[in-house]
2 protein chains.
Amino acid sequence: MASAEKSRKQLATDNADERIRARNVLKILKAATEIFSRKGLDGTRINEIAELSGLPKGNVYYYFSSKEEIYKATIAHLINSWDQAFRHISADREPAEAIEAYIKAKLEHARRNIAETRLFANEILQGAEHLPADARQHMREVTAEKAEVLNAWVAAGKLAPVDPRHLFIMLWSATQFYAEFEALACDALQVGQLKASDYSSAARTISETVLNGLMPRM
Amino acid sequence: MASAEKSRKQLATDNADERIRARNVLKILKAATEIFSRKGLDGTRINEIAELSGLPKGNVYYYFSSKEEIYKATIAHLINSWDQAFRHISADREPAEAIEAYIKAKLEHARRNIAETRLFANEILQGAEHLPADARQHMREVTAEKAEVLNAWVAAGKLAPVDPRHLFIMLWSATQFYAEFEALACDALQVGQLKASDYSSAARTISETVLNGLMPRM
DNA sequence: AAACAAGTTGACAATTTGGTCAACTTTTTT
DNA sequence: AAAAAAGTTGACCAAATTGTCAACTTGTTT
């Protein structure tokens with residue numbers, strides 16, 4: 001009897017098993033991210049998630065055992081993406097080029113993942129009580145590592161002396177802002193909507209301003 | 001009969017009338033600001049406000065008729081302070097000095113009003129649905145006015161060409177960040193707590209970075 | 001096609017929550 | 001000191017909300 005056939009069938013079964021489940025879990029997580037990102041854990045009603053995902057509430061509970069579990073799942077989804085853009089800060093690149101690439105990547109990431117970015121902000125606002133310890137540890141390590149890169153650049157005279165902590169805060173905050181304050185910024189600054197071109201010019205403004213400030217004077 | 005005495009008495013009465021009320025309303029607003037700033041309108045339970053303010057729930061409802069009314073009151077409290085720091089941006093000052101003063105003032109304001117600043121962020125996250133129309137209008141006017149000042153500086157050759165919109169976003173976001181992300185930043189950047197000295201050095205870093213980038217090259 | 005597993009659903013119970021109220025105490029006025 | 005006004009309180013109600021479940025439908029395996 002074909003063990004090959006068996007395993008093929010088994011595989012087909014597994015895929016099928018997972019198809020519906022995967023699709024619905026995704027639906028739920030997407031809807032949950034959207035609502036959690038605006039209202040936080042306590043402010044979100046499971047009914048809202050159910051409605052937005054198009055599933056009846058009972059069905060949501062078929063996949064997740066509680067609201068908090070959904071929330072944790074959205075947070076877990078978030079964590080990996082945190083340091084994607086950070087890769088650009090590497091010691092073997094030229095500071096100006098690396099920092100510019102980082103700013104661009106981070107802004108692009110915020111633009112493409114507005115809800116996730118807002119969710120992250122909201123989780124922080126609430127005191128980051130659901131950010132797992134290992135995620136914090138990971139962030140700490142990555143940050144320390146990249147701070148070292150900056151310090152090395154400064155030591156090599158390639159970058160004006162700067163406290164990496166505050167530089168990171170400037171860059172994080174600026175990119176964060178575009179996701180979080182989009183509505184307000186559009187209102188107060190009297191622009192219609194922040195389009196891709198605005199993000200480009202934002203990246204340019206930030207890069208130019210920061211880089212001019214940080215390149216060593218000769 | 002002494003009308004002087006009458007008015008003195010009346011005054012005493014008015015003061016007394018207002019003493020208890022004013023004290024309790026303040027207690028409630030302070031507690032509400034703290035909790036709203038973390039959990040938003042929907043995420044906040046009136047019981048939490050009551051407990052934190054030290055008053056029984058029934059008493060809270062003696063002063064406010066609904067949760068939303070408390071929320072609106074906290075928002076109203078907030079609005080006036082929004083453009084305090086903005087005063088520094090005035091056409092008759094030198095750009096470098098004025099912008100530096102603005103950054104300092106805005107950071108100092110965030111440091112002294114962390115809960116209010118967070119509340120503002122949270123209100124924005126939720127879509128600014130409770131920000132009154134006149135408040136939006138006011139923000140729009142002030143922003144446009146200050147953008148004009150920047151443009152005039154650029155036109156006079158006192159400032160490198162810059163899009164005021166993105167510059168404002170950089171400055172707003174950096175100052176906002178210190179209130180909102182304090183907990184996370186402390187964690188990720190491995191500092192204990194952001195102290196006054198950190199805010200000073202933040203102000204210095206932002207000023208130097210931004211100003212170096214914006215002063216015209218000769 | 002029969003048996004089984006996976007997924008769907010609305011009705012339902014238990015708890016929480018926003019808000020009310022009548023009885024009560026304290027403060028102010030006359 | 002008596003009356004009136006302001007403030008306090010916990011018990012209470014109706015609505016909302018979380019989470020459960022048994023009956024049901026759909027998909028999969030043999």
Note to self: Side chain of A/Arg45 only, heavy atoms from C-beta on: which candidate in C/dG7, C/dG18, D/dT18 is closest?
What the structure shows: D/dT18
Check: Counting side-chain heavy atoms from C-beta on, which of C/dG19, C/dT17, D/dG7 comes nearest to B/Tyr63?
Finding: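 For the B/Tyr63 side chain, the nearest candidate turns out to be D/dG7.
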For [X] and [N], what is the distance between atoms [atom1] and [atom2] respectively, to the nearest whole Å?
X       : N      : atom1 : atom2 : value
B/Asn24 : C/dT25 : CG    : P     : 19 Å
B/Ile35 : C/dG18 : CD1   : P     : 11 Å
A/Tyr61 : D/dA22 : OH    : P     : 18 Å
A/Arg19 : D/dT28 : CZ    : C1'   : 11 Å
B/Lys57 : D/dG10 : NZ    : P     : 12 Å
B/Phe64 : C/dT20 : CZ    : P     : 15 Å
B/Lys27 : D/dT8  : NZ    : C1'   : 12 Å
A/Tyr62 : C/dA11 : OH    : P     : 21 Å

Margin query: Looking at every heavy atom in both B/Ala203 and B/Lys104, which two are closest together, and how far apart are they?
Written below: CB-CG, 4.2 Å
Margin query: Please determine whether the number of non-hydrogen atoms from other residues, nucleotides or ligands lying under 6.0 Å from atom NZ of A/Lys30 exceeds 12.
Written below: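 No, because the 6.0 Å sphere around NZ of A/Lys30 holds 12 heavy atoms or fewer from other groups.
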Notebook entry, point to check: How is A/Lys67 classified with respect to the nucleic acid when contacts are heavy atoms under 4.0 Å: base, sugar-phosphate, or nothing?
Noted result: sugar-phosphate
Notebook entry, point to check: Would you say a side-chain N or O of A/Asn59 is under 4.0 Å from OP1 or OP2 of C/dT8?
Noted result: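 So the side chain of A/Asn59 is within the cut-off, an N or O lying under 4.0 Å from OP1 or OP2 of C/dT8.
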Check: Ion pair present between A/Glu208 and A/Arg204, side-chain N to carboxylate O less than 4.0 angstrom?
Finding: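 Judged by the 4.0 Å cut-off on N to carboxylate O distance, A/Glu208 and A/Arg204 do not form a salt bridge.
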Listed pairs under 3.5 Å, donor-acceptor, residues 68-79 of chain B side chains, sequence neighbours left out:
unit_1, atom_1, unit_2, atom_2, d
B/Glu69, OE1, B/Ser65, N, 3.4
B/Glu69, OE1, B/Ser65, OG, 2.4
B/Tyr71, OH, B/Glu123, OE1, 2.5
B/Thr74, OG1, B/Tyr71, O, 2.5

Notebook entry, point to check: Taking the nucleotide of DNA chain D with the closest heavy atom to each, which residue, A/Asn47 or B/Pro56, is nearer the 5' end?
Noted result: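 Nearer the 5' end of the strand: B/Pro56.
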